[in-house]
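One structure below.
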Number of protein chains: 2
Amino acid sequence: MGATKREHFTDKQNAIATLAKALGHPARVAIMDYLLKVDACICGDIVTELPLAQPTVSQHLKELKNTGLIKGNIEGNTICYFIDEKALDKL
Amino acid sequence: MGATKREHFTDKQNAIATLAKALGHPARVAIMDYLLKVDACICGDIVTELPLAQPTVSQHLKELKNTGLIKGNIEGNTICYFIDEKALDKL
DNA sequence: TATTGATATTGCACTATTACGATAAATATT
DNA sequence: AATATTTATCGTAATAGTGCAATATCAATA
């Protein structure tokens with residue numbers, strides 16, 4: 001074994017667990033903190049802000065995006081990330 | 001690599017992440033659900049309630065206890081688990 | 001005290017997560 | 001078009017988490 005048995009739990013329990021898991025890493029908490037503070041920013045700012053390499057940050061951003069906590073707008077060369085207020089309400 | 005670089009983040013960010021991580025598994029959400037519903041119960045009830053083997057449940061209970069979300073009173077042969085209201089307030 | 005019952009711990013197999021260098025992809029600039 | 005800039009993806013090493021059978025522990029009871 002080794003994999004979480006999600007199918008044995010309710011949708012609501014899985015939904016809460018998924019949201020909680022997304023915030024279960026300090027880097028992702030730090031990203032949310034930062035986005036709350038600056039309202040919206042480009043990805044590069046977050047990479048500068050965090051003590052992690054760019055690919056690692058990109059990976060964390062992807063996870064936050066996948067759980068719907070943040071969204072990203074492509075603006076030419078850069079990507080503007082911001083918190084999805086709807087998702088934030090769930091918390 | 002592979003381990004979370006906790007030392008690079010603030011205490012608050014790590015504290016939030018630790019709490020969130022504890023709730024980042026549906027089994028642990030289910031345990032909290034159950035304890036909220038019945039107020040307090042003995043460990044065996046949780047094992048019966050969950051679709052997981054006893055050692056696995058015991059492990060999840062340990063994690064919840066370690067993060068301070070629940071507490072356990074030894075009552076003779078059994079252990080009575082209940083939610084720590086103080087910890088719940090943090091959420 | 002031998003047995004039963006409840007919970008915890010150990011040991012192990014398996015899967016998932018974290019981190020980062022290298023590199024790709026795509027737009028902007030020269 | 002060539003180059004620089006920004007972000008994503010790939011590949012991979014290291015660590016962490018999940019689940020369970022077997023077993024240990026410890027109180028209750030026969």
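Numbered from 1 within each chain, the chains take letters A, B, ... in sequence-line order.
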Quick one: is H60(A) getting a side-chain N or O under 4.0 Å of the dT17(C) phosphate, OP1 or OP2?
->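 For dT17(C), neither OP1 nor OP2 has a side-chain N or O of H60(A) closer than 4.0 Å.
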K21(B) side-chain N/O to dG17(D) phosphate OP1/OP2 under 4.0 Å |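 Yes, because at least one side-chain N or O of K21(B) sits under 4.0 Å from OP1 or OP2 of dG17(D).
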Counting N and O atoms only, with roles assigned by atom type, does the side chain of T67(A) sit under 3.5 Å from a partner on the main chain of E63(A), one being a donor and the other an acceptor?
->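 Looks like yes, one N/O pair under 3.5 Å.
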Using atom CD of E7(A) as one end and atom P of dT18(D) as the other, report the distance to the nearest whole Å.
->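 Distance, rounded to whole Å: 14 Å.
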Nearest-Å distance for atom pair CG/P, residues N66(B) and dA8(C) |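 These atoms are roughly 11 Å apart.
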Heavy atoms from C-beta onward define the side chain here; which of [options] lies closest to that of [X]?
| X | options | answer |
| --- | --- | --- |
| T4(A) | dT18(C), dT15(D), dT18(D) | dT18(D) |
| K62(B) | dT9(C), dT6(D), dG19(D) | dT9(C) |
| L52(A) | dG19(D), dA19(C), dT15(C) | dA19(C) |
| K65(A) | dA16(C), dA8(D), dG19(D) | dA8(D) |

Distance check, rounded to the nearest 0.5 Å: [X] atom [atom1] versus [Y] atom [atom2]?
| X | Y | atom1 | atom2 | value |
| --- | --- | --- | --- | --- |
| N14(B) | H25(A) | CG | NE2 | 9.0 Å |
| M32(B) | L64(B) | CE | CG | 6.0 Å |
| E7(B) | T4(B) | CD | OG1 | 9.5 Å |

On DNA chain C, check which nucleotide each of E63(A) and Y81(B) is closest to and give me the residue with the more 5' one.
->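 The answer here is Y81(B).
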For C80(B) and R6(A), take the nucleotide of DNA chain C holding the closest heavy atom to each; which residue's nucleotide lies nearer the 5' end?
->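 Of the two residues, C80(B) wins.
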Scan residues 67-91 of chain B for pairs that pass ring pair (Phe, Tyr, Trp, His ring centres under 6.0 Å), counting only residues two or more places apart or in two chains.
->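 For residues 67-91 of chain B, and leaving out neighbouring residues, there are no ring pair (Phe, Tyr, Trp, His ring centres under 6.0 Å) pairs at all.
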Those residues of residues 25-51 of chain A lying under 4.0 Å from DNA chain C by at least one heavy atom =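 Per residue number, the list reads H25(A), R28(A).
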Could you say whether Q59(B) or L61(A) is positioned toward the 5' end of DNA chain D, judged by the nucleotide with the nearest heavy atom to each?
->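 So the residue in question is L61(A).
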When hydrophobic residues are tied together by side-chain contacts of less than 4.5 Å, even through go-betweens, does I70(B) share a cluster with L19(B)?
->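 Yes, I70(B) and L19(B) fall within the same hydrophobic cluster.
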Quick one: do I31(A) and F9(B) end up in the same hydrophobic cluster if we chain Ile, Leu, Val, Met, Phe, Trp and Tyr together by side-chain heavy atoms under 4.5 Å apart?
->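 I31(A) clusters together with F9(B).
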Bend angle of the helix from dT1(C)-dA30(D) to dT30(C)-dA1(D), end axes from five pairs each (to 10°) =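 Computed angle between terminal axes is 10°.
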Just do the side chain to side chain contact (heavy atoms under 4.5 Å, CB included) check on L69(A) and L23(A) with the steps written out, would you?
-> CA-CA 9 Å; L69(A) 283 169; L23(A) 293 176; 4.1 Å; yes
Measure the shortest side-chain to side-chain distance between T78(B) and E75(B) over non-hydrogen atoms and say whether it is less than 4.5 angstrom.
->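 Yes - at least one pair of side-chain heavy atoms lies under 4.5 Å apart.
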Classify every nucleotide of nucleotides 21-30 of chain C by which part a protein heavy atom approaches to under 4.0 Å, writing B for the base, S for the sugar-phosphate alone and - for neither, in 5'-to-3' order.
-> BB----BS--
Contacts of type salt bridge (Lys or Arg N to Asp or Glu O under 4.0 Å), residue K71(A), not counting sequence neighbours |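 K71(A): salt bridge (Lys or Arg N to Asp or Glu O under 4.0 Å) contacts with D84(A).
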Please say whether more than 12 non-hydrogen atoms of neighbouring residues, nucleotides or ligands are located less than 6.0 Å from CG in D89(A).
->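 Above 12, so yes.
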Can you list, pair by pair, the side-chain donor-acceptor contacts under 3.5 Å of residues 35-62 of chain B, counting residues two or more places apart and other chains?
unit_1: T48(B); atom_1: OG1; unit_2: G44(B); atom_2: O; d: 2.9
unit_1: H60(B); atom_1: ND1; unit_2: R28(B); atom_2: NH1; d: 2.9

For T56(A), answer base if it contacts any base atom (sugar-phosphate contacts may also be present), sugar-phosphate if it contacts only those atoms, and nothing otherwise; contact means non-hydrogen atoms under 4.0 Å.
->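 Base contact - T56(A) has a heavy atom under 4.0 Å of at least one base atom.
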